[in-house]
Amino acid sequence: QIQRALRSLSIPLERLHIMKGHMMQDMCKGLSRQTHAQAKVRMLPTYICSTPNGTEKGDFLVVELCQSQVRTLLVTLYGDGNMSPNMVYKIFDLPEGITQGEGEALFDFIAQCVSQFLAETVSSDNSKAEERLPLGFVFPFSCRQTQLDKAELLYWSKGFSCSDVVGKDVVQLLQSAINKQELCHVDVVALMNDTVGTMMTCSTEGRTCEVAIVADKGSNCCFMAEAYLVETTDETSGRMCVNTEWGCFGDDGALNDVFTPYDECVDVESNNPGEKRFEKMVGTLYLGEIVRHALIALTAEKAIFTDTNIAVLKEKGVFTMQHVLDIVNNEEGTSEVRRILEVLGLQPSERDCGRVQQVCRAVVGRASTLHATGLAAILSYMCQTRDMETLMVNVGVEGELFAGYPRFEEILMSVSRLLSPECMGTLLPSKDGSGRGAAMVTAVALRLAAQRREVNEVLAPLRLSRADLEKVQALMREEMDRGLCKETNASASVRMLPTYVSHTPDGTERGDFLALDLGGTNFRVLVVHVAEDGITMASEIYVIPVAIMQGTGEALFDHIIDCIIDFQMKQNLVADILPLGFTFSFPCQQVGLDKALLLTWTKGFSASGCVGQDVVQLLREAARRKQHAGMEVVALVNDTVGTMMACGYDDPKCEIGLIVGTGTNACYMEEMRNVGTVEGDQGLMCINMEWGAFGDNGCLDHIFTHFDKVVDESTINPGKQRFEKLISGMYLGEIVRQILMVMTEKQLLFQGKISPKLQTRNIFQTKFLSTVELNGLPLRQIRAILNELEMDASFEDCVLLREVCQTVSLRAAQLCAAGLAAVVEKMRENRGLDQLSVTVGVDGTLYKLHPCFSDNLQKTLKDLAPNCDVSFMLSEDGSGKGAALVAAVASRAAN
Ligand code: ADP
Ligand code: MG
């Protein structure tokens with residue numbers, strides 16, 4: 001019988017594995033928006049989003065409501081890594097009956113304790129009475145917390161049942177009571193559960209603790225979860241401490257097959273039968289009881305105490321946790337066991353003593369093993385959700401079982417390691433977690449609030465209001481009008497260049513065309529076959545050596561012809577004379593479809609003798625020099641136009657082209673009558689806005705920030721392309737980097753230290769913004785990016801980096817939308833429509849690959865131009881296809 005009893009108290013490893021799985025499922029259930037209401041493991045959000053970093057400093061008041069006492073503490077932190085805070089405390093006994101009385105009386109009493117404590121501890125130091133004193137409130141009851149300082153009591157427990165508190169914000173109740181005591185300088189800034197306090201005290205400088213277990217009368221655990229998984233809050237960035245309330249694990253029956261008859265007896269005799277099943281197997285409030293019931297049952301089976309009357313054991317609570325600990329911790333002989341049993345009034349035989357000891361060991365060992373199983377579930381969950389192969393983490397522990405049972409630590413570590421071999425926890429004993437930890441929570445909250453204010457200050461100039469955007473839209477419109485008008489064109493920052501493209505495709509275009517694409521990331525030659533069943537293409541990328549980009553114009557165009565000849569040979573196209581469309585993505589003054597004077601080189605080109613020349617002519621002359629007759633240049637096309645044309649082939653409503661890649665630019669179909677720079681009033685003409693230069697005349701100075709100015713000054717064209725420098729891929733990363741440097745200087749990031757690598761210009765690439773802003777991206781990957789830049793980042797650094805990236809990319813998208821709003825509104829007016837329906841053809845890697853740019857752009861545009869119904873169409877190889885289509889449309893129009 002005794003063996004059977006002991007076996008029932010020992011849970012096999014396979015069973016623990018299953019239990020761990022259940023626990024993980026329950027955790028997910030508790031976090032999910034759909035299922036958390038029914039979940040037994042409540043997974044309550046705590047709104048604690050950071051652990052101490054050692055810089056916390058100042059005086060903090062803590063009030064802890066305990067079972068039968070109120071404890072007040074004054075904790076002084078020195079910003080020294082939180083190694084040795086100074087603490088003064090006082091304990092007040094709760095008056096008889098107050099825990100069942102009126103809520104107001106309870107809170108008034110707590111406030112009086114605070115008042116009395118302060119009078120005794122800080123009265124001597126008058127200066128302190130002037131300062132605001134932050135208070136952390138340890139309130140160990142189940143609350144629905146919605147902020148760090150806002151928590152509705154869900155229900156009382158532990159014998160409390162004060163009226164008029166359930167459903168109310170207990171922070172507010174305490175603050176009102178404190179104000180009544182005329183302690184107006186005391187601010188209740190944080191409310192927390194004791195488990196969280198344990199986690200917070202174990203974190204000191206250079207060592208963060210992200211899990212805590214309280215193995216005490218009750219049992220509970222908290223850990224830092226990825227915030228986006230805590231669906232019961234709106235917080236999505238970073239981490240948040242979740243109070244698991246794992247004591248309720250098993251209330252849905254998940255533990256039924258490991259319950260012993262002794263556990264059933266303990267449960268039935270408790271004041272909440274059927275609830276907190278896990279806690280009742282592991283909490284020190286219950287372990288003595290489990291032993292007592294086991295002994296009663298074994299006596300009935302005549303396996304023990306055959307010669308003694310056990311009537312004393314019938315009384316609830318006679319066998320205490322202390323008895324259990326004294327028995328199990330006594331490894332040598334049974335004399336201590338005998339002494340304890342005799343004090344209880346039993347006359348045990350030698351065999352009885354041995355068996356009692358076995359039972360006690362089994363019960364305490366099981367409690368330790370179950371804690372380990374819970375811990376394993378937490379660690380595996382953290383490891384999985386952080387997308388890591390292995391997890392190393394510190395685990396704060398506190399409580400009677402941990403302190404009183406020396407083997408607890410060993411069992412906790414070895415069993416959790418067996419169950420979660422991928423995780424490695426390191427135990428950190430916590431001392432006075434609830435008191436000191438509450439001070440830490442409060443201190444961290446204040447540190448974060450101060451940091452938040454400073455972060456907001458740094459980012460404020462980058463955050464554009466709706467009015468700012470309307471202003472940009474209006475300015476863009478003004479500059480467009482000035483650019484279109486013959487008289488003002490020269491002084492407009494938006495050049496509004498005519499392209500001599502007057503039709504978008506209608507789908508009847510046919511033929512084979514050559515196309516060149518110069519001015520994007522690559523130089524390419526293409527052949528485009530436009531047929532009834534669609535467009536097919538072949539292309540080849542050619543390198544333009546820097547020596548040629550920056551050499552003579554003749555050499556550059558000779559090189560281009562060489563590439564065309566090579567391409568035609570490879571494609572077997574030598575016998576034909578093909579019409580050629582030339583995508584040339586540099587600003588040109590176009591005077592005909594095949595006549596375009598280069599205004600200026602950009603993007604690293606500087607070939608001599610080209611500016612002011614007709615680019616088409618330069619290409620034709622090179623062909624003549626090379627005696628190449630296999631092509632006829634019919635059109636020169638800007639890449640925005642190419643993009644519009646390529647999309648226009650599939651969607652006739654596409655009358656706008658937009659590029660957001662290395663640079664940014666747009667074109668659209670304007671009424672000829674509005675184009676003052678070209679003769680004629682009939683029909684339409686596509687206008688290449690060259691909007692990247694918007695603001696070069698100073699009209700956008702009010703939105704440029706310090707960061708924009710620094711970035712501008714370090715470019716090869718300072719003062720030029722100012723709008724582009726707020727929006728496009730070439731610059732966003734560098735803007736982010738400038739912000740990071742300022743934030744680091746202000747000690748808001750990276751603990752004030754920045755690597756030489758991150759101080760290198762352009763080292764932070766725009767593609768990093770795309771990665772960092774990916775929703776749900778594990779912080780580990782952000783950390784990896786920073787590691788590559790030789791930065792060691794905390795997870796809070798990662799969260800802040802994400803915010804910086806979001807701010808910069810959001811502003812870019814909004815500004816782009818303001819520009820587009822001006823365009824679509826002008827088109828709507830031009831056509832006298834109440835509602836315009838139009839498509840924008842878009843190209844550019846930033847637009848295509850950034851996770852939020854396009855959404856933000858479209859949302860803002862809808863807001864700024866509500867009467868325009870704008871759709872966006874991604875262009876597939878617009879420059880190649882578009883150039884061919886311009887050539888095709890031109891020949892169609894000519895016929
Ligand atoms: P171009 O504008 O030169 O024709 P792209 O449209 O391909 O070429 O844009 C290239 C630019 O896109 C790069 O300069 C870079 O700044 C940016 N970029 C590259 N990858 C990404 C990414 N994953 N997310 C956002 N931007 C990117
Ligand atoms: Mg391009």
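Both counts, for ligands and for their atoms, begin at 1 and track the order of listing. Please read these numbers as outputs of a predicted model, since none were measured by experiment.
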Let me check something: any side-chain donor-acceptor pairs from residues 591-598 under 3.5 Å, sequence neighbours excluded? List them with distances.
unit_1	atom_1	unit_2	atom_2	d
D594	OD2	R620	NH2	3.1

- Query: For ligand 1, which atoms, with element, lie under 4.0 Å from some heavy atom of K767?
  - Reply: 20 (N), 21 (C), 22 (C), 23 (N), 24 (N)

- Query: Short list, please: which atoms of ligand 1 are under 4.0 Å from a heavy atom of G661?
  - Reply: 2 (O), 6 (O), 9 (O), 11 (C)

- Query: So is there a nitrogen or oxygen of T662 less than 3.5 Å from a nitrogen or oxygen in ligand 1?
  - Reply: yes

- Item | Contact atoms of ligand 1, heavy-atom distance to L849 under 4.0 Å | 22 (C), 23 (N), 24 (N)

- What atoms in ligand 1 come closer than 4.0 Å to a heavy atom of G729? 16 (O)

- Residue G844 vicinity, atoms of ligand 1 by number, heavy atom under 4.0 Å: 6 (O)

- Item | Listed partners of E670 passing salt bridge (charged side-chain N to carboxylate O under 4.0 Å, His left out), at least two apart | K826

- Query: Got a donor-acceptor contact below 3.5 angstrom from the S493 side chain to the G695 backbone?
  - Reply: yes

- Message: Can you classify the ring geometry of Y542 versus F523 as parallel (below 30°), tilted (30 to 60°) or perpendicular (above 60°)?
- Response: tilted

- Query: Any idea which heavy atoms bring V501 and M669 closest together, and the distance?
  - Reply: O-CE, 4.1 Å

